[in-house]
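Down below is the structure, laid out as structure tokens.
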Amino acid sequence: MKLPSLLASLPAASAIVGLILPIYIYPTTGPQDWAAVTQAAASHPQLPFYIIVNNNGGAPYTQNPPPNIIDWADPLGSLTAKPNVRTIGYIATTFGNRPISEVKAGIDQYLLWSTQQGWSGNTNNISIAGIFFDEIDTSPSKLAYNTEIATYAKTQFAARSGPVVLNPGVHVQAGSESLWDVADAIMNIETCYTSVQGATDPGGVVRCPTGRYTPFTPAFLGTIPAGKEGKSSVVVHDYYESWEPYVPASLATVEAHVNAIVNKGVHSLYLTQFGYTADFTVDPASVGRVAGYAAAAQGLV
């Protein structure tokens with residue numbers, strides 16, 4: 001199915017820094033979060049939104065689309081109806097250990113998503129425009145693997161203008177620099193803001209495990225390789241100063257960080273209060289705030 005004209009109408013990624021949104025919450029569990037993302041996209045029509053679609057761990061599925069796609073149809077349709085939204089399908093590579101045949105099968109499955117009736121009774125456009133590869137290992141031993149899957153995705157989705165995004169979460173290792181040439185973007189900064197280490201939320205999830213990350217400051221942006229800013233993606237989570245008692249970061253801090261990332265000229269960014277589930281409405285790093293700051297920093301409001 002040819003994707004509607006929304007792709008052609010998006011501003012060039014090199015000119016405008018977009019939002020890349022890992023909304024990993026099931027639509028019926030967090031309808032308010034999906035609604036907040038949709039409202040943010042509607043409120044800032046010149047700001048590109050790259051929505052990572054991750055239905056129960058991503059493709060490939062035993063049945064394509066999976067049987068529960070009816071739960072996703074209405075919220076996805078609300079997003080794809082926006083001219084500034086591109087949906088990108090989630091595929092985990094298991095750090096280069098997943099068979100390439102499985103990865104390619106997942107790519108091909110997303111290409112087949114077209115329309116789906118939702119619980120509303122409406123038929124929705126659930127088309128996928130690009131691919132998000134998670135758990136990327138950029139060691140030179142995985143270069144051929146990563147090049148093959150990224151090139152395949154770019155070829156398969158060429159008519160839909162991507163993007164194809166690789167997510168190592170850290171900088172590309174020496175010897176794998178050619179990955180910049182095959183991907184539209186590489187998420188080379190994915191870290192926490194908070195300096196509080198070892199906090200655990202009521203659900204048992206460890207927030208920002210000790211020793212596994214460097215707290216974000218704007219100075220961290222200086223580690224992005226020169227000339228690769230426009231293909232870099234930056235995601236920062238856990239915007240609080242203290243966990244017990246809980247003290248969130250200030251709105252001024254979130255705005256300053258968005259401004260710094262936008263001024264760096266990256267491909268895309270996202271800041272989130274906690275993680276990627278059930279907190280898109282939580283200030284100071286709610287999707288509405290972050291989108292508003294990103295738009296304002298680029299004169300899009």
**Asked** Any luck finding a side-chain donor-acceptor pair between Tyr246 and Glu241 under 3.5 Å?
**Response** no
**Message:** Using only atom types and a distance under 3.5 Å, with no angle test, would you say the side chain of Lys228 pairs donor to acceptor with the backbone of Ile224?
**Reply:** no
**Pairwise distance CD1(Ile128) to CD1(Ile52) - rounded to 0.5 angstrom** = 11.5 Å
**Minimum heavy-atom distance between Pro66 and Trp113, given as atom pair plus value** = CD-CZ2, 3.9 Å
**Prompt:** Is it true that a side-chain atom of Arg98 and a backbone atom of Ala92 form a donor plus acceptor pair closer than 3.5 Å?
**Reply:** yes
**Message:** Using 0.5 Å steps for rounding, measure from the OG atom of Ser232 to the CD1 atom of Ile186.
**Reply:** 7.5 Å
**Prompt:** Do the non-hydrogen side-chain atoms of Asn167 and Glu190 ever get within less than 4.5 Å of each other?
**Reply:** yes
**Item:** Tyr110 (side chain) donor-acceptor with Ala59 (main chain) under 3.5 angstrom
**Value:** yes
**Request:** Indicate if Phe216 and Tyr213 have the same hydrophobic cluster label, given that clusters are the connected sets of ILVMFWY residues with side-chain heavy-atom separations under 4.5 angstrom.
**Result:** no
**Heavy-atom closest pair, residues Ala285 and Gln273** = N-OE1, 3.0 Å
**Request:** Could you tell me the separation between the CD1 atom of Ile69 and the CD atom of Gln117, rounded to the nearest 0.5 Å?
**Result:** 13.0 Å
**Request:** Compute whether any side-chain donor of one residue and acceptor of the other, for Thr115 and Asn125, lie under 3.5 angstrom apart.
**Result:** no
**Item:** Closest non-hydrogen atom pair, Ser286 against Thr281
**Value:** CB-C, 3.7 Å
**Message:** Which heavy atom of Val262 sits nearest to which heavy atom of Ala297, and what is that distance?
**Reply:** CG1-CB, 4.0 Å
**Fill in**
Across all chains, not counting sequence neighbours, the side-chain hydrogen bond (donor to acceptor under 3.5 Å, both in side chains) partners of His257 are Tyr239
**Request:** Check the pair Glu148 / Lys104 against salt bridge (Lys or Arg N to Asp or Glu O under 4.0 Å), numbers first and verdict last.
**Result:** CA-CA 9 Å; Glu148 183 171 348; Lys104 289 183 175 179; 2.8 Å; yes
**Prompt:** Within the distance-only criterion (no hydrogens, no angle test), does the side chain of Arg207 pair as donor or acceptor with the backbone N or O of Phe274 below 3.5 angstrom?
**Reply:** yes
**Request:** Taking side-chain contact (heavy atoms from CB on, under 4.5 Å) as the test, write out the residues that go with Asn56, two or more places apart.
**Result:** Tyr26, Asn68
**Prompt:** How long is the gap from CG on Leu269 to CG on Leu21, to the nearest 0.5 Å?
**Reply:** 9.0 Å
**Prompt:** Residues in side-chain contact (heavy atoms from CB on, under 4.5 Å) with Val196, at least two apart?
**Reply:** Thr194, Ala199, Tyr240, Trp243
**Request:** Taking the side chain as every heavy atom from C-beta outward, state whether Ile261 and Leu221 have any pair of such atoms under 4.5 Å apart.
**Result:** yes
**Asked** Counting only N and O atoms by type, is there a donor-acceptor contact under 3.5 Å from the side chain of Asn64 to the main-chain atoms of Pro60?
**Response** no
**Request:** Start with the C-alpha gap between Asn259 and Tyr293, add the side-chain angles, then the distance that decides, and say whether side chain to side chain donor-acceptor pair (under 3.5 Å) holds.
**Result:** CA-CA 7 Å; Asn259 288 344; Tyr293 293 149; over 6 Å; no
**Asked** Just by distance, do the side chain of Thr94 and the backbone of Gly96 share a donor-acceptor pair under 3.5 Å?
**Response** no
**Prompt:** Can you check side-chain contact (heavy atoms from CB on, under 4.5 Å) on Val103 and Tyr145, steps first, answer last?
**Reply:** CA-CA 10 Å; Val103 175; Tyr145 177 101; 3.5 Å; yes
**Request:** Would you indicate whether Glu244, at its atom CD, is surrounded by more than 12 heavy atoms from other residues, nucleotides or ligands within a distance under 6.0 Å?
**Result:** no
**Prompt:** Should Leu251 and Tyr270 be counted in the same cluster of Ile, Leu, Val, Met, Phe, Trp and Tyr side chains packed under 4.5 Å apart?
**Reply:** yes
**Prompt:** Is there a donor-acceptor pair closer than 3.5 Å between any side-chain N or O of Asp33 and the backbone N or O of Phe280?
**Reply:** yes
**Asked** When you measure from the side chain of Glu177 to the backbone N and O of Gly175, does any donor-acceptor pair fall under 3.5 Å?
**Response** yes
**Item:** Note, Asn188 side chain near Pro225 side chain (heavy atom, < 4.5 Å)
**Value:** yes
**Message:** Distance check, rounded to the nearest 0.5 Å: Leu79 atom CG versus Asn84 atom CG?
**Reply:** 9.5 Å
**Asked** So, for Trp34 and Trp72, is the gap between ring centers shorter than 6.0 Å?
**Response** yes
**Asked** According to a 4.5 Å side-chain heavy-atom criterion applied to Ile, Leu, Val, Met, Phe, Trp and Tyr, with indirect links allowed, do Ile136 and Ile100 form part of one hydrophobic cluster?
**Response** yes
**Asked** Rounded to the nearest 0.5 Å, how far does CG of Leu19 lie from OH of Tyr50?
**Response** 9.5 Å
**Prompt:** With a 3.5 Å cut-off and no angle check, do the side chains of Trp119 and Asp74 form a donor-acceptor pair?
**Reply:** no
**Item:** Basic-acidic side-chain contact under 4.0 Å: Asp137, Lys142
**Value:** no
**Asked** Any side-chain heavy atom of Ile23 within less than 4.5 Å of one from Ile51?
**Response** yes
**Prompt:** So, do Val164 and Phe133 sit near enough that their side-chain heavy atoms are less than 4.5 Å apart?
**Reply:** yes
**Asked** Using a distance-only test with no angle check, is there a side-chain donor-acceptor pair under 3.5 angstrom linking Tyr152 and Asp108?
**Response** yes
**Lys231 vs Asp184, salt bridge (Lys or Arg N to Asp or Glu O under 4.0 Å): CA-CA, chis, key distance, verdict** = CA-CA 6 Å; Lys231 282 197 165 187; Asp184 292 304; 5.7 Å; no
**Asked** Short question: side chain of Ser43, backbone of Gln39 - any donor-acceptor pair under 3.5 Å?
**Response** yes
**Request:** Take Val254 and Arg289 through the test side-chain contact (heavy atoms from CB on, under 4.5 Å) and record every step on the way to the result.
**Result:** CA-CA 9 Å; Val254 172; Arg289 296 276 189 189; 5.5 Å; no
**Asked** Is there a donor-acceptor pair closer than 3.5 Å between any side-chain N or O of Thr272 and the backbone N or O of His237?
**Response** no
**Message:** Would you say that Thr93 contacts Ile149 through its side chain, given a criterion of any heavy-atom pair below 4.5 Å between the two side chains?
**Reply:** yes
**Prompt:** Of the non-hydrogen atoms in Tyr61 and Asn55, which two are nearest, and what is the gap between them?
**Reply:** OH-O, 3.0 Å
**Prompt:** In this structure, which one of Leu166, Ile20, Val17 forms a side-chain contact (heavy atoms from CB on, under 4.5 Å) with Ser233?
**Reply:** Ile20
**Asked** Which pair of heavy atoms, one from Ile16 and one from Leu300, lies closest together, and at what distance?
**Response** CG2-CD1, 3.9 Å
**Asked** Checking side-chain contact (heavy atoms from CB on, under 4.5 Å) for the pair His267/Val234: CA distance, chi angles, key distance, verdict?
**Response** CA-CA 8 Å; His267 172 274; Val234 177; over 6 Å; no
**Asked** Linking I/L/V/M/F/W/Y whenever their side-chain heavy atoms sit closer than 4.5 Å, directly or via other members, would Leu143 and Val170 fall into one cluster?
**Response** no
**Asked** Does the pair Ser127 and Arg160 meet the rule for a side-chain contact (heavy atoms from CB on, under 4.5 Å), with working shown?
**Response** CA-CA 10 Å; Ser127 296; Arg160 303 187 183 191; 4.2 Å; yes
**Min side-chain heavy-atom separation Asn124-Leu76 under 4.5 Å** = no
**Item:** Linked, directly or transitively: Val266 and Trp180 (ILVMFWY side chains, under 4.5 Å)
**Value:** yes
